[in-house]
Structure formats: structure tokens, C-alpha cells
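Quick notes on the structure that follows.
Computation of the quantities below employed the complete heavy-atom set of this structure, encompassing side-chain atoms and omitting hydrogens, waters and symmetry-equivalent molecules.
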Amino acid sequence: MRTRLIVAFVVVALLAALAAVWFSNLIVPFYGWPSWIPGWVTSPVPVIHLLYKHHRGTMPHPGPVGVIVFCLAAIGLLLALITGVAVAASRRVLQPVRRLAQAAQRMSDGDLSVRIQPRGRDELAWLVTSFNEMAAALEDKVAELQRMEARARRFASDVSHELRTPLTAMTAVTDVLGENQGLTGDAAAAGRLVRQEVLHLNRLVEDLIEISRFDAGTAQLVTDDTDVATAVSGCLRARGWANVCTDVPAGLTVRLDRRRFDVIIANLVGNALQHGGPPVTVTASHEPDGQGGQHLVVAVRDHGPGLPPDAIPHVFDRFYKADTARARSEGSGLGLAIAWENARLHGGHIEAGNHPDGGALFALVLPLSRDALAMAPGGEPVTVTRS
């Protein structure tokens, strides 16, 4: 931009010089110079002495050398003067713009406290003032949203903890009702319904408490060397999912948090059983991560209709429903969100997509240390094809 401004100044100055030459050649010979123009402008004495040699009172034509020197000196002086003026003017114009660009870059990096000191009273100063007002309004709005989000999270956490004690008592009561052989008919059905709803509410509260730990940054890993095949089979056996097929190589040992890994697998398999179609399969292997290392891939696939393309980016959002017609979820609506947070806590992630042959496919990807890689047997890589 500075180069364009300098070129524009030079062009304007040269056009002005050309106009002055036309005026001197076409107007002055007939009308002369206006009387109000001083003589040092029209006939400067040093220039006359430089160009003309006086012999016996005469003033002959200037010599060719003098003309060339004069023209070159005039052109160089004119260009130097124009360039200096253009640089000074462009600096005055571009410096505020450069400061605005730097401030905007800092804002895009997350620094909403950036401000610019306005200088002068021109349009650029007005633009700087408008930028400061916009930055202040944006900072206030973001701060208010952060306060509202913090209050909402604190409220959910406080309510969840306050509900824990009465829910424990309600669970004990419903267990007694379920074991009471004297209840028959509608009373027995009501007792079973109450027990089911209490268990659902209990799970929701536990998931809210778990999410609040992630939001507060207090969730921590307790890692240990874990056999993946044993962990997967134990997860399925504890929940009675005997119809889930597994293909996990024996001896695949990874250092991870056993409890959180169990939560991830349980949520992924439970989601496949609830929303997908049989059979549900769980496979595990290790594969290159493209950066010279290896990672563990645990894939959970069902053979149902698959995920809608517009739902894939949101499946890990809290309380997200792919089927908006469902008025109430059978789960807490937080299972996949908790699985995602646990994977992220391990330094990994979960990929969601559809298998080329049909059905939804979720792949848990966790980094492998060198020690874990030395203990891991060979296996075929698992690829997730996104819709």
C-alpha cells in the first residue's frame, strides 16, 4: 500500500510539473508572469548564472552541458522531494492502519483487552475510537457470557450434589419396594416404575457431577498398565452384554486409567446397542499416528442405519438428540460427552462416522508410549470413514 501511495504522489507531482511547463510555454509568452509572483520564482539569479555566460552585456543561449546538468539536478531534486513527502504522508496514513491490524490480530488470538491510543482528530482517529468502543463492548459481552456459563455450571454442580443424599434414600426405598412380595397388580407396576425413574435420575445426577469435574478441571487420571482385552471383556461382562462380539488381540497392554477406559467403552457400546442395530462389534489394534509414533484404536461398530450426516459433528455435544422426535432420552444424554472428555484426558480423542458397509462406527484413539508399543502385538489398523 505504501508503494502505491508513493507512486500516486510521484505521478501527481509530475503532472503538476508538466502543467507548469505548458503554462510557461503557452501562456507566459503572451501575458507574462502575474505581477504578484516574486522575481526569485520566475528568474532565480543563481540558476541564471549557472546556465548563462555573460559576455559584454549579452545573454547567449545556455550551453548543452549546463542544460543537461540543470535538468538532471532538477529531476533528482524533484523526485527526492516528492518521494520524501510521499513517504512522510504514507507513514502518517499507514501507521494507524498497521496499529489497527496488529490490535485485530491480538483480538483474534483471544486478547480482548487490547486498546489503541487515538492520535489527532481526523477520520483515522475516529476509526481507532470506534475500534476501541467495539473491543470494549465485545470484552464486556464475553465476560458476561463467561460469568453466566460459570454460574450455570456451578448451579448444575450444586444441584447434583444436593440431590445425591435424597436420591440415596429414595434408591434404598425403591429397592425395598422391588423386593416386597406383597405388592401386586397396579401397586407392583407403580413400584417398578418408581424404581426405574429413580435409577434414571440417579444416573443423571452422577453424570452431571462427573461433567462438573471436567468443567472445573479437577478430573485426574490414575493410570496403570492395563490389558485391553481384559478391560473390554470385563466391561461387557459387568453389564451383561454377552451378545457383543469382540476382536481384541491378547497381550495388548496400554498404560491408562482403567475406570475411565471402562466408562468410555461402556458408553460407546451402550450407545450402539440402544441406537444402532445388531451385531455390535468391538475391535482393537495399534497403528502409526503419522508422526513416527503409534496409537491405540478401539473401534465400536453397529449394523444399524448409521448416523445422519448432519448429526456427526454434534454427537459428542451434551444432551444432543439426533432424533428430535424423541421427547425423552432413556439415558442421561451425557454419555458420549463424558466419553469424549475421558478420551481427551488421556491425550486422545474419539472419531465418529459411518462404516462403508453400513452402520455407525466410533473409534477411540489413544496415544501409545514406547513401553506400551514394545508390549503390543501386531494388528490390522482400524479406519473410520466419515460421512
Side-chain angles (χ1 to χ4, degrees), residues 226 228-229 231-237 239 241-249 252 254 256 260-291 293-324 326 329-368 376-387:
T226 303
V228 177
V232 171
S233 61
C235 172
L236 301 179
R237 184 172 54 254
R239 292 161 179 84
W241 293 335
N243 57 338
V244 177
C245 303
T246 62
D247 183 13
V248 182
L252 180 57
V254 181
L256 46 76
R260 296 189 182 277
F261 181 76
D262 181 84
V263 170
I264 297 173
I265 300 301
N267 280 316
L268 294 182
V269 174
N271 182 77
L273 291 172
Q274 181 177 353
H275 302 292
V280 174
T281 60
V282 180
T283 60
S285 64
H286 63 89
E287 62 178 74
D289 59 5
Q291 300 178 352
Q294 297 277 330
H295 51 214
L296 170 70
V297 179
V298 180
V300 178
R301 180 196 172 191
D302 63 64
H303 290 74
L307 298 171
D310 56 345
I312 292 177
H314 307 287
V315 291
F316 299 108
D317 294 347
R318 301 174 185 181
F319 301 108
Y320 176 75
K321 292 181 180 181
D323 183 7
T324 56
R326 289 188 296 118
S329 174
E330 296 181 7
S332 66
L334 296 171
L336 291 180
I338 292 176
W340 171 267
E341 293 290 348
N342 278 312
R344 188 177 60 86
L345 199 62
H346 280 85
H349 63 278
I350 303 176
E351 299 177 355
N354 290 318
H355 195 276
D357 297 331
L361 179 62
F362 288 82
L364 168 65
V365 182
L366 299 178
L368 279 178
E380 295 298 327
V382 177
T383 302
V384 173
T385 303
R386 299 181 182 274
S387 295

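Inter-residue side-chain proximity for L366 and V297 is flagged as unmet; no heavy-atom pair is nearer than 4.5 Å. Between V254 and T226 there is no side-chain heavy-atom pair separated by less than 4.5 Å. Residues N267 and F362 have side chains not in contact (no heavy-atom distance under 4.5 Å, counting atoms from C-beta outward).
Using bins of under 30°, 30° to 60° and over 60° for the plane-to-plane angle, the ring pair F316/W340 lands in the tilted bin.
Judged as a side-chain hydrogen bond (donor to acceptor under 3.5 Å, both in side chains), and not counting sequence neighbours, D247 has no contacts. Taking N271 as the reference, nothing meets the side-chain hydrogen bond (donor to acceptor under 3.5 Å, both in side chains) condition, with sequence neighbours excluded. With sequence neighbours excluded, the residues that form a side-chain contact (heavy atoms from CB on, under 4.5 Å) with A272 are V280, V300, D302.
Of all the heavy atoms in A360 and L307, the pair that sits closest is CB-CG, 3.8 Å. Minimum interatomic distance between P249 and A229 (heavy atoms only, all atoms of both residues): O-CB, 4.1 Å. Shortest non-hydrogen contact noted between P367 and G347 is CD-O, 3.6 Å.
Applying the salt bridge (Lys or Arg N to Asp or Glu O under 4.0 Å) test to pairs two or more places apart or on separate chains, those with a residue in residues 336-350 are E341-R344. Residue pairs meeting the salt bridge (Lys or Arg N to Asp or Glu O under 4.0 Å) criterion with at least one partner in residues 303-319, sequence neighbours excluded, are D215-R318.
Note that the CG atom of D262 and the CZ atom of R239 stand 4.5 Å from one another [nearest 0.5 Å]. Between L256 atom CG and I264 atom CD1 the span is 8.5 Å, to the nearest 0.5 Å. To the nearest 0.5 Å, the span separating CG on N354 from CD1 on I312 amounts to 5.0 Å. From L236, atom CG reaches atom CG of L273 across 8.5 Å, with rounding to the nearest 0.5 Å. To the nearest 0.5 angstrom, H346 atom NE2 is 10.0 Å from L296 atom CG. The distance from the NE2 atom of H303 to the CG atom of L361 is 10.0 Å, given to the nearest 0.5 Å.
Between the R301 side chain and the G358 main chain, a donor and an acceptor come within less than 3.5 Å of each other.
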